[in-house]
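Beneath this line is the structure, given in structure tokens, with notes to follow.
Reminder, nothing fancy here: chain letters follow the sequence lines and each chain counts from 1.
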Amino acid sequence: MKLNNKCKFEITPVPPFDFELTVKKPAGWTLFNSGEIFHDGTLWTASRIQNRLVGLKLRSIGTVSKPRIRVALFTAKPLMNTEKTDLKALLMKLIGAEQDLREFYGMARKDKILKHVIEDLYGMHDTQSSYLFNSVVLSICLQMARMDRSMKMMGAITRSFGDKVEFDGKTIVAEPSAEKIARLNPRHFAKKCNLGYRAKYIVEAAKKIVSGFPDIVQVMSMSPDEARQKLTELPGVGDYAADIINPHGGFPIDAWSVDVFGKLFFGKEPEIARDAIEAVKSEGRKRWGKFAWMAFFYIAQDLRNLSKHLGIELRLQ
DNA sequence: GCGTCCAGGTCTACC
DNA sequence: GGTAGACCTGGACGC
């Protein structure tokens, strides 16, 4: 699909805002799409925003202390002025431009673990997925598989069922729509993308989303607990997956992160990882309260440096 | 090579 | 309500 209609605007995020750290996270987390391109300070990405396929070109024209981002937004059909205004407002939320880090940093400076990560990653904002279904697919693919296999499954789904978009001289494959996946036969889907039992969860979740499940904007407007509760109504989404999808942020402790946080909190990895998950989650919430997600997010992006700062070996993702 | 084990969880049938 | 056991697949490991 060619996205030939272009509109331009600027965003002024709340400082400090490090553009590169925010749109291209050190641990390899992308902004919206696994196929996005980052080159020479510019990001080209594509996604579904408010059920519309859009191409985006984002470029920093400011600094960490005085941030400004120039945005070019590409669509198949011309946008009305109200649509442009709505998309700009939503994009600001999605890239974390309105997020004020001062309170988190104030708490983190007094914490013996977090003081290191906020220094290493000063100005990194938390971003949100633009399309709920994409987060659901990710959270289900992460279950019961090592990271490399999860990435292979995600890649196969996007390659086989994603939508190719062309804009600004770039071609990017956007994640598949829930509508397309809802029509698939789970057995064929599983075989094509090596998904195993996860295929039926993804297809059933897609059906539920298509039939009127709240979209990402509606989930963002809910309270954190309400959002979490709602998300677990999706097939294949339990406590862990809901913590990953929840735009309010959870504390998604799994068989990998329980080792990392077990070592940070108690000085050693738990003997039986799955049995220690609840204890580690509880300790994280007790220490960091409403900032538990931000703490998780910063630590996950800075494991290599944190290992050096603290003189302990932390398992990388 | 071949067999076995188990992993960034969730669901369901039992009790 | 709580708790085993099943669920796909592929890489690591021992032989």
Side-chain angles (χ1 to χ4, degrees), chain A residues 25-30 34 126 129 132-161 181 184-209 213 227-246 249-265 269-285 292-293 295-304 306-307 313-317:
Chain A
K25 313 280 188 312
W29 300 8
T30 53
S34 57
D126 184 25
S129 168
L132 183 75
F133 179 60
N134 199 36
S135 301
V136 172
V137 173
L138 169 69
S139 69
I140 293 175
C141 286
L142 285 173
Q143 295 169 15
M144 288 294 285
R146 293 185 179 90
M147 186 54 99
D148 55 347
R149 185 171 173 223
S150 298
M151 291 302 109
K152 280 181 187 167
M153 288 189 276
M154 289 285 290
I157 294 171
T158 302
R159 267 197 314 280
S160 305
F161 303 102
I181 300 298
L184 298 178
N185 176 318
R187 273 193 201 169
H188 296 161
F189 184 34
K191 195 162 187 179
K192 193 166 181 68
C193 301
N194 287 335
L195 294 169
Y197 69 94
R198 300 168 194 83
K200 72 171 190 297
Y201 289 150
I202 295 174
V203 171
E204 289 306 312
K207 286 180 182 169
K208 191 146 188 165
I209 286 170
F213 194 82
R228 192 168 180 286
Q229 188 63 38
K230 191 72 194 168
L231 289 167
T232 57
E233 290 177 15
L234 289 168
V237 175
D239 284 348
Y240 165 75
D243 274 349
I244 288 182
I245 303 166
N246 196 344
F251 198 58
I253 297 299
D254 53 32
W256 158 71
S257 52
V258 76
D259 283 348
V260 171
F261 285 88
K263 214 161 185 178
L264 288 172
F265 293 158
E269 291 180 1
E271 285 178 22
I272 304 174
R274 289 190 195 284
D275 291 352
I277 286 176
E278 276 313 311
V280 168
K281 281 179 100 155
S282 161
E283 178 66 20
R285 289 187 183 128
W293 163 252
F296 180 97
F297 168 57
Y298 263 72
I299 288 170
Q301 303 305 321
D302 200 36
L303 286 173
R304 202 179 296 276
L306 192 56
S307 291
E313 195 177 332
L314 298 170
R315 217 175 105 200
L316 299 177
Q317 291 183 73

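In B/dG8 the base sits syn relative to the sugar, since the glycosidic angle is no further than 90° from 0.
By the side chain to side chain contact (heavy atoms under 4.5 Å, CB included) test, A/T158 pairs with A/V173, A/P176, sequence neighbours left out. With sequence neighbours excluded, no residue satisfies side-chain hydrogen bond (donor to acceptor under 3.5 Å, both in side chains) with A/R146. Under the rule for a side-chain hydrogen bond (donor to acceptor under 3.5 Å, both in side chains), A/N134 has no partner lying at least two apart in sequence or in another chain.
A donor-acceptor contact shorter than 3.5 Å links the side chain of A/Q143 to the backbone of A/G236.
Taking CZ of A/F261 as the start and CZ of A/F251 as the end, the distance is 4.5 Å to the nearest 0.5 Å.
Using a 4.0 Å cut-off on heavy atoms, the residues of residues 140-157 of chain A that approach DNA chain B are A/L142, A/Q143, A/M144, A/A145, A/R146, A/M147, listed by number. Within a heavy-atom distance below 4.0 Å of DNA chain B, the residues of residues 184-198 of chain A found are A/Y197. Contacts with DNA chain C (heavy atom under 4.0 Å) in residues 276-285 of chain A: none are found.
Close approach of DNA chain B to chain A, defined as any atom under 4.0 Å from a non-hydrogen atom of the protein, starts and stops at B/dA7 to B/dC11. Boundaries of the chain A contact region on DNA chain C are C/dC7 to C/dG11, first to last in 5' to 3' order (nucleotide atom under 4.0 Å from a heavy atom).
At least one side-chain heavy atom of A/M147 sits less than 4.5 Å from a side-chain heavy atom of A/L142. Contact annotation: the side chain of A/L314 approaches that of A/L264 to within less than 4.5 Å [non-hydrogen atoms, C-beta and beyond]. Side-chain contact check for A/S129 versus A/L138: every heavy-atom pair is 4.5 Å or farther apart. Under the 4.5 Å side-chain criterion, counting only non-hydrogen atoms from C-beta, A/L195 is in contact with A/I157.
Counted within 6.0 Å of CZ on A/R304, heavy atoms from surrounding residues, nucleotides or ligands total 12 or fewer; the atom is thus considered open.
For the P atom pair drawn from C/dC8 and B/dA13, the interatomic distance equals 15 Å after rounding to whole Å.
For residues 231-240 of chain A, the pairs satisfying salt bridge (Lys or Arg N to Asp or Glu O under 4.0 Å) are A/R228-A/D239, A/K230-A/E233, with sequence neighbours left out. Legend: side chain to side chain donor-acceptor pair (under 3.5 Å) pairs involving residues 184-201 of chain A, not counting sequence neighbours: none detected.
A/D126 and A/W293 form a side-chain donor-acceptor contact under 3.5 Å, judged by distance and modelled atom types alone.
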Would you tabulate the side-chain donor-acceptor contacts of residues 296-303 of chain A under 3.5 Å, counting partners in other chains and residues two or more places apart, or write 'none'?
| unit_1 | atom_1 | unit_2 | atom_2 | d |
| --- | --- | --- | --- | --- |
| A/Y298 | OH | A/Y105 | OH | 2.7 |
| A/Y298 | OH | A/M124 | N | 3.4 |
| A/Y298 | OH | A/M124 | O | 2.5 |
| A/Q301 | OE1 | A/A27 | N | 2.9 |
| A/D302 | OD1 | A/N305 | ND2 | 2.8 |

The dot-bracket string of DNA chain C, counting Watson-Crick and G-U wobble pairs with both distances under 3.5 Å, using [ ] for crossing pairs and | for pairs to another strand, is |||||||.|||||||
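Residue whose closest nucleotide on DNA chain B sits further toward the 5' end, between A/P235 and A/D254: A/D254. With DNA chain B read from its 5' end, the first of the two nearest nucleotides for A/V237 and A/I244 is the one closest to A/I244.
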